[in-house]
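All chains are named by letter (A, B, ...) in the order of the sequence lines, taking the proteins before the strands, and each is independently numbered beginning at 1.
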Amino acid sequence: MDIYLLEAIVNGILLGGVLALLALGLNLIFGVIDVVWIAYADIVMCGMYVVYWLHDFGWPLPLACAATIVALAAFGALIHLLIIEPILGSAPINQLLATGGLLFFLQSFATLLFGTDFLNIGVRLPIIEFGGIYISFARLLAFALALVGAVALYFFLRRTFIGTAIRAIAQDRDIIGLMGVDQRRIYIITSMIGGALAGLAACLLVLQYDVHPFIGNTFGPLIFMICVLGGLGDMIGGFIAAFVISQIISIGGYYSNTELSYVLAFTFFIVLMFVRPRGIFAR
Amino acid sequence: MSARNILLAGGPAILLILSFLAPPYFMHLLIQILLWGFIYTAWAMMGRFGFVSLGHGAFMGVGAYVPALLWNYYGVTPWLGIPLGVALSALLALVIGYPCFRLRVVGHYFALVTLALSQVVLLSIVAARDITGGSLGLSQRAVGFSWYALQFPDKRYFYAISLLLWLGGLAVWRWMNRGIGREVLDALAEDEEAAASIGIDVMREKLRVTVISAALTALGGAIFGQYLMYLNPETVSGIAVSLQIVFAAIVGGMYSMLGPTVGALLTISLNEGLRVAFATNFIGAANTIYGILLMLCIIFMPRGIVGLLGPMTAGTSIRPARKPDEKLAA
């Protein structure tokens, strides 16, 4: 097999890890609260700026990352309380549009504060060579953490009381109040976890990409597709969908160019929505 | 009704008089307001029935790029190129709309499918950079004043064209309201099965609205391109443009005929006002305020927006109460 094709496939798997991690939090919110945070990738962008600036102030990187995760968890709760909760009862599309306003706000506020410069954190993780294939360590790390994050989330949802309540709410919104579960509290916790996962993704992305106010546009549309393709709230489905999409992009990019491979991925999404509207793995 | 007629007749008259007095800068703003107002109106034609499309950037992009490319490479007059671009957009709307409506891809799924369409068109334009100039954009081959090339260095010509286009858009809106289509769509927004059972061709009506909306958006994009004489994929296609269209229409009010135009007036004035006030010190200030405005609009005017967006989500959420005035008027 062509070594470059193999490298494309390996890199595709690693990109899949990044996308899976990004989609994880969005998928949780999408699945549980039935809200599309269309600004999710821009929340990640904010996290990247936080890591960048804390590191720039001289904080050690792990501390900066931990602080970012906490900050974004709080931000997630804030978004839910300020934007989503007042319109929870209205049509889902309104919530999508309200977070669209947030998207505009975050992107332009970041431009206002930081300008449009591409900022690089300056921490470069090594590139690993393995049998003639070059692999970015940062991507490997993202891949591993996405895996750990997904597994941790899985056990949290399966093994804890709150996790069970979250799954129950996703299944039946109306009955859950009768079971003695505070729906509002569950939504806030879900939003916090979603925010924290955005923070985790931000920590890993900042090692691989330059930060700029519009970086969210690069990932945003992809991760919505992944959530929908995997089936809403289906963590495992989302995980697999992330790898399908990333392989299309990676192998497509090998045979043509980057933009065309994205065109291919988006077209694949549109077609699949018509073939399997409730996700690839829908029963 | 008579007050409305006076407004309808008087408004354009005042605008026309303004056109001969306005200095070029203000004329530039007026043209932009009219063209965007036209495009926002076109979006609202389907948005008000609950089909929230994030794909109008795609239609606008196709409408703008097709005539420009044909003119640059083959010298085809925009008089032919523009209808071709509009037809292609309509076809695109049909190809996306038909399966969506057939398979009941609604609500935020419809929004996400059309969002993907926006990206497909944007990235295709960027990918074909050998022909389209990619992200660097594309300038139409300039020939000075020419009816054949639809190029007028004098802004007054484009002002007149935009004004006519905008009035045309409003006329289409009124025509849709008067015709059977509006009642049909209201009926199926209320209860699709019931509407179908009394012999309404649900699919045809939905597609009609979608195709008209897409075609007009493409037309607006084409004229916008002719006016600016420069196309950039980021300014005429893609998600950013789609969202801009959706939000301006919503802020202005998508269920009244002049709402989207008010949205255009508001957003462009805000943008320009802040640009003049802060010069380039605060890039992004306009959109920061705009973003906050949007969130406030959607959160604090829930009834207005729900009243119209509600029907789309029929079956997935609690159906909002009818708006009595709307139904009685119809």
Per-residue contact mode, [X] against chain B (heavy atom under 4.5 angstrom):
X	result
Leu222(A)	neither
Val228(A)	side chain
Phe30(A)	side chain
Phe269(A)	side chain

Can you tell me which portion of [X] sits under 4.5 Å from chain A's heavy atoms? Options are side chain, backbone, both or neither.
X	value
Val105(B)	side chain
Arg129(B)	side chain
Leu117(B)	both
Val121(B)	neither

Heavy-atom side-chain contact between [X] and [Y] under 4.5 Å:
X	Y	result
Ile239(B)	Asn217(A)	no
Tyr262(A)	Gln119(B)	no
Phe274(A)	Val113(B)	yes

[atom1]-[atom2] distance between [X] and [Y], expressed to the nearest 0.5 angstrom:
X	Y	atom1	atom2	value
Ile125(B)	Glu259(A)	CD1	CD	12.0 Å
Phe104(A)	Met295(B)	CZ	CE	11.0 Å
Leu112(B)	Ile38(A)	CG	CD1	6.0 Å
Leu103(A)	Leu243(B)	CG	CG	6.5 Å
Leu103(B)	Arg276(A)	CG	CZ	12.0 Å
Leu106(A)	Thr288(B)	CG	OG1	9.5 Å

Please report the shortest heavy-atom distance between [X] and [Y], naming the atom on each side.
X	Y	result
Ile87(A)	Ile298(B)	CG2-O, 3.8 Å
Leu96(A)	Ala111(B)	CD1-CB, 4.2 Å
Phe266(A)	Leu123(B)	CE1-CD1, 3.7 Å

Could you name the residues of residues 53-61 of chain B that have a heavy atom within less than 4.5 Å of a heavy atom in chain A?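 At a heavy-atom separation under 4.5 Å, chain A is reached by Leu54(B).
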Asn257(A), Ile83(A), Thr99(A): which one forms the most heavy-atom pairs within less than 4.5 Å of chain B? Ile83(A)
Could you tell me which of Ser118(B), Ala127(B), Ala240(B) has the largest number of non-hydrogen atom pairs under 4.5 Å with chain A? Ala127(B)
From the list Ile292(B), Ile289(B), Leu294(B), side-chain contact (heavy atoms from CB on, under 4.5 Å) with Phe105(A) holds only for Ile292(B)
